[in-house]
*Asks:* 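My questions all concern the structure below.
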Amino acid sequence: MKNRVKEERARLNLQQQELAERIGVSRQTIHSIENNRYVPSTVLALKIAALFQKPVEEIFELEEGD
Amino acid sequence: MRLLPVTWKWPGAILSILGLALGFAAELGEFSFSWLKFIVREKNSFLDTAEEDFTNEVALTLTIVGLLILAFTRERDEDERVRLIRLEAFQWSILVNFIIVLIGNWVLYGGSFFWLMTFNLFTPLVVFLLRFYYVLYIRESGAGKLNSIL
């Protein structure tokens with residue numbers, strides 16, 4: 001699954017740590033999501049999308065093979 | 001599953017180290033506490049003596065309780081990714097444990113196999129802890145450098 005978390009975070013001028021604190025996870029989890037090493041749960045994906053004020057499909061996108 | 005608060009880590013570590021030290025001293029150095037010896041049978045038999053030394057029972061209890069506490073204590077930044085790593089490390093430790101038992105079954109006999117079984121009483125938890133902390137703090141650390149070496 002591809003995601004645009006890094007781009008959206010840059011748009012809001014947020015550090016990984018700030019984003020992590022706002023949605024209640026560790027900075028390392030944000031780092032892992034941005035590097036496609038961890039696929040977040042539906043709840044976490046919805047929290048991220050809500051924070052960026054965008055539909056979840058605009059942040060997360062299925063890839064071939066998913 | 002609810003986990004123990006992070007402050008339980010130190011008690012867990014101390015208990016397991018005490019248990020392991022006592023266990024090795026009791027099994028290899030024939031160390032025992034005289035106040036832990038009790039008469040539990042009327043007379044000696046071929047396999048069992050009338051007097052039972054409970055030092056190794058205490059050692060195994062301390063080891064298992066200590067390791068269980070360590071394994072079931074949350075991380076300071078426990079979140080869903082850490083929980084997934086935790087569950088995968090448990091799966092991994094069961095797999096590795098039974099591979100070791102299967103290999104031991106064919107290459108170790110008698111006393112050696114008995115030793116393997118003795119260690120096996122607590123090694124699934126040790127393998128879990130090693131795997132969990134390896135993945136959490138080395139492979140997933142994002143430090144990059146260590147990751148490329150390992």
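Proteins get letters first, then strands, A, B, ... in listed order; numbering begins at 1 in each.
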*Asks:* Could you state the interatomic distance from CD1 (Ile85(B)) to OG1 (Thr29(A)), rounded to the nearest 0.5 Å?
*Replies:* 7.5 Å
*Asks:* Answer yes or no: does atom CZ of Arg22(A) have more than 12 heavy-atom neighbours from other residues, nucleotides or ligands under 6.0 Å?
*Replies:* no
*Asks:* Does Trp10(B), at its CH2 atom, have more than 12 non-hydrogen atoms belonging to other residues, nucleotides or ligands within less than 6.0 Å?
*Replies:* no
*Asks:* Under 3.5 Å, side chain of Glu80(B) to main-chain N/O of Ser41(A), donor-acceptor pair present?
*Replies:* yes
*Asks:* Identify whether Val65(B) and Phe33(B) are in the same connected component of the hydrophobic contact network (ILVMFWY, side-chain heavy atoms under 4.5 Å).
*Replies:* yes
*Asks:* Do Leu46(A) and Ile23(A) share a hydrophobic cluster, counting only Ile, Leu, Val, Met, Phe, Trp and Tyr and linking them when any side-chain heavy atoms are less than 4.5 Å apart?
*Replies:* yes
*Asks:* Quick check on Ser32(A) against chain B: is it the side chain, the backbone, both or neither that has a heavy atom closer than 4.5 Å?
*Replies:* side chain
*Asks:* Could you look at Asp77(B) and say if it's the side chain, the backbone, both or neither that has a heavy atom under 4.5 Å from chain A?
*Replies:* both
